[in-house]
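This chain uses plain numbering: 1 for the first residue, then up along the sequence.
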Amino acid sequence: MENGDSNEGASAFHMPEWMIQFADQKQEFNKRPTKIGRRSLSRSISQSSTDSYSSAASYTDSSDDETSPRDKQQKNSKGNSDFCVKNIKQAEFGRREIEIAEQEMPALMALRKRAQGEKPLAGAKIVGCTHITAQTAVLMETLGALGAQCRWAACNIYSTLNEVAAALAESGFPVFAWKGESEDDFWWCIDRCVNVEGWQPNMILDDGGDLTHWIYKKYPNMFKKIKGIVEESVTGVHRLYQLSKAGKLCVPAMNVNDSVTKQKFDNLYCCRESILDGLKRTTDMMFGGKQVVVCGYGEVGKGCCAALKAMGSIVYVTEIDPICALQACMDGFRLVKLNEVIRQVDIVITCTGNKNVVTREHLDRMKNSCIVCNMGHSNTEIDVASLRTPELTWERVRSQVDHVIWPDGKRIVLLAEGRLLNLSCSTVPTFVLSITATTQALALIELYNAPEGRYKQDVYLLPKKMDEYVASLHLPTFDAHLTELTDEQAKYLGLNKNGPFKPNYYRY
């Protein structure tokens, strides 16, 4: 299905009264303290998990005891034990991180305030599989304030903030996640969210498609009561389109990943800042003069290249798409094949969403101390499995940093075992996640409340009006003032004065 066809029925979208009031009074939520203390060391967002289903975690976070959370008997202060986290005693620290994140997520907080009276998600039972961080905690608590019941697992085995998971469990959310899960733990946690006596989900919020995949595989009858799926990652959306094409998608699905507010802000601006953060925290390297090859020039690749170029790095780009390739050339980057530069570059970054972008042959040819990392969705881009052979030695340097040593003494620096760098090793900007999280919340509200027949068993893009609405909610943070069309101008352009301002085929 083409994107141009993906908004079938979306023209019928009706903005509820609370949303209209919210738009009229959106200046209020920007009144926040000017001194909010130290910025949260919160990690987060959007891309998942154990997508290859093959690479089990070889280590766990050693900052706490090594007892598996699955073997612990824990209760929160109210005596509830329907959760599984690393240490419930860390809840107070997690709550502080959540409170700091709230200051940088103004639209979600305003949505919580304006819509909780109407409870647009009353009766919704949402099962979620996302990164569990301070930012997603704000989203989860917003969904709860809007009337939803939620059960949650992590979409990535390294990105969970243990203290935040503890804070959510203390607040009564059934959360099953901890940093450093094994492959078996990962699927166990998802199952604990789904397979619950006396509780069945009617909405899915997924990041990577693992949760949706698990329900299709283990509990297909659940889809009889599920109203819809909201998916925010490249890989998860790709899976949904495959199901749709095969005629196996049995509920409507909202493709949040390709909404403008996700694609142009989360993917681009978030990665533009977090790529440097992840590399600096793990390697302490200087970027000036370093030769870097970035595989893929989509929105993530564009963000990475812009940041590295600004720091004085010499940046090469690989691409399969001639349009993205031409963009890279006109942005001043040298377009190459990976084989042409693999022997000379200091850093290799993947961000394609594909598999086996960096193969064992490439890894064998890299120079000594080359840094290898992934900014794409999952752990399939770098062929890490090919490095787990007897002739190579793995040496732990620090958390999420490994030396892989060849018999001749050459070594590469592998970050996060080829999983998502920014979520595994550093932080991402909270404000950008506010945009994505607000988009997710509104997509859930739209699908849950849509009258029967508005959405068929297919994959849809977010209605353009809703995309513009999410953007408008964040403008007051910058003291930005939109120009308004006159009646004459609106008539001349054939537009409604209040939007939408661009057709669905418009590419921002």
Q: Using distance alone, with no hydrogens and no angle criterion, decide if Tyr158 and Glu181 have a side-chain donor and acceptor under 3.5 Å apart.
A: no
Apply side chain to side chain donor-acceptor pair (under 3.5 Å) to residues Asp277 and Ser274 and explain how you reach the verdict. CA-CA 5 Å; Asp277 190 13; Ser274 60; over 6 Å; no
When every non-hydrogen atom of Gln263 is compared with those of Asn257, the smallest separation belongs to NE2-O, 3.3 Å
After noting the C-alpha distance and the side-chain angles of Lys113 and Glu102, does the key distance pass the salt bridge (Lys or Arg N to Asp or Glu O under 4.0 Å) rule? CA-CA 13 Å; Lys113 179 181 178 181; Glu102 289 174 348; over 6 Å; no
Value for OG1 (Thr261) from CG (Leu462), rounded to nearest 0.5 Å, stands at 6.0 Å
Per side-chain hydrogen bond (donor to acceptor under 3.5 Å, both in side chains), Lys262 is matched among Asn255, Thr436, Thr439, Asn267 by Asn267
Next on the checklist: Taking the basic N atoms (NZ, or NE/NH1/NH2) and the acidic carboxylate oxygens, is any pair closer than 4.0 Å for Glu391 and Arg360?
Outcome noted: yes
In this structure, CG of Leu415 is separated from CG of Asn422 (nearest 0.5 Å) by 12.0 Å
- Query: Between Asp284 and Arg398, does at least one N-O distance fall below 4.0 Å, as a salt bridge requires?
  - Reply: yes
Checking Lys367, Met366, Lys337, Glu361 against Ile342 for side-chain contact (heavy atoms from CB on, under 4.5 Å), the one that qualifies is Met366
What one should report as the nearest heavy-atom pair of Gly418 and Leu414 is N-CD1, 4.1 Å
**Asked** Just checking, Arg96 and Phe93: is the charged tip under 6.0 Å from the six-membered ring centre and within 45° of the axis?
**Response** yes
Taken to the nearest 0.5 Å, the spacing of Leu161 CG from Ile132 CD1 works out to 9.5 Å
Only pairs under 3.5 Å count here: list side-chain donor-acceptor contacts from residues 289-303, not counting sequence neighbours, and write none if there are none.
residue, atom, partner, partner atom, Å
Lys290, NZ, Met286, O, 3.1
Gln291, OE1, Tyr316, OH, 2.9
Gln291, OE1, Gln344, NE2, 3.0
Tyr297, OH, Asp331, OD2, 2.6
Glu299, OE2, Lys264, NZ, 2.9
Lys302, NZ, Tyr297, O, 2.7
Lys302, NZ, Gln327, OE1, 2.9

Heavy-atom closest pair (Ile347 atom, Ile349 atom, distance to 0.1 Å) is CG2-CG1, 3.8 Å
Task: Ring geometry between Tyr269 and Phe265 (parallel below 30°, tilted from 30 to 60°, perpendicular above 60°) - done: tilted
### Task
Check whether the side chains of Asn87 and Trp178 place a donor and an acceptor atom closer than 3.5 Å, and report yes or no.
no
The reported gap from CZ in Phe173 to SG in Cys150 (rounded to nearest 0.5 angstrom) is 5.5 Å
Leu139 and Ala437 have their tightest heavy-atom pair at CD1-O, 3.6 Å
With distance as the sole test, does Thr160 use its side chain to make a donor-acceptor pair with the main-chain N or O of Asn162 at under 3.5 Å? no
Discussion item. Given 3.5 Å as the limit, does a donor-acceptor pair link the side chain of Asp467 with the main chain of Val260, or not?
Written reply: yes
Original post:
Salt bridge check: are Glu395 and Arg411 linked by an N-O gap of less than 4.0 Å?
Top reply: yes
### Query
Does the cation-pi check pass for Lys309 over Phe333, that is, NZ or CZ under 6.0 Å from the six-membered ring centre and within 45° of its axis?
yes
Sorted by chain and residue number, the side chain to side chain donor-acceptor pair (under 3.5 Å) partners of Thr142 (sequence neighbours excluded) come out as Arg112
d(Thr136 OG1, Leu143 CG) to nearest 0.5 Å is 10.5 Å
Of Val256, Leu444, Ile229, the one forming a side-chain contact (heavy atoms from CB on, under 4.5 Å) with Leu205 is Leu444
### Query
Do the rings of Phe431 and His474 sit parallel, tilted or perpendicular, given the 30° and 60° boundaries?
perpendicular
message: Just checking Lys89: does its NZ atom have more than 12 heavy atoms from other residues, nucleotides or ligands closer to it than 6.0 angstrom?
response: no
Nearest heavy-atom contact between Trp187 and His213 is CH2-CD2, 4.2 Å
Go through His362 and Asn339 one step at a time and tell me if the side chain to side chain donor-acceptor pair (under 3.5 Å) criterion holds. CA-CA 7 Å; His362 294 129; Asn339 283 332; 3.1 Å; yes
(Q) Between Val237 and Val234, is the side chain to side chain contact (heavy atoms under 4.5 Å, CB included) condition met? List the steps. (A) CA-CA 5 Å; Val237 166; Val234 174; over 6 Å; no
Practice item. State whether the side chain of Asp206 and the backbone N or O of Glu231 hold a donor-acceptor pair below 3.5 Å, judged by distance alone. Key: no
- Query: Any cation-pi pair here, Arg388 with Trp394, using under 6.0 Å and within 45°?
  - Reply: yes
_Could you check whether atom NZ of Lys502 has more than 12 heavy atoms from other residues, nucleotides or ligands sitting under 6.0 Å from it?_
yes
Regarding Gln135 and Ser434, is there a side-chain donor-to-acceptor distance under 3.5 Å anywhere?
no
dist Thr380:OG1 -> Asn374:CG (nearest 0.5 Å) comes out at 7.5 Å
In short, Leu420 meets Asn156 closest at the heavy-atom pair CB-ND2, 4.4 Å
Just by distance, no angles: are the side chains of Ser182 and Asp185 close enough, under 3.5 Å, to form a donor-acceptor pair? yes
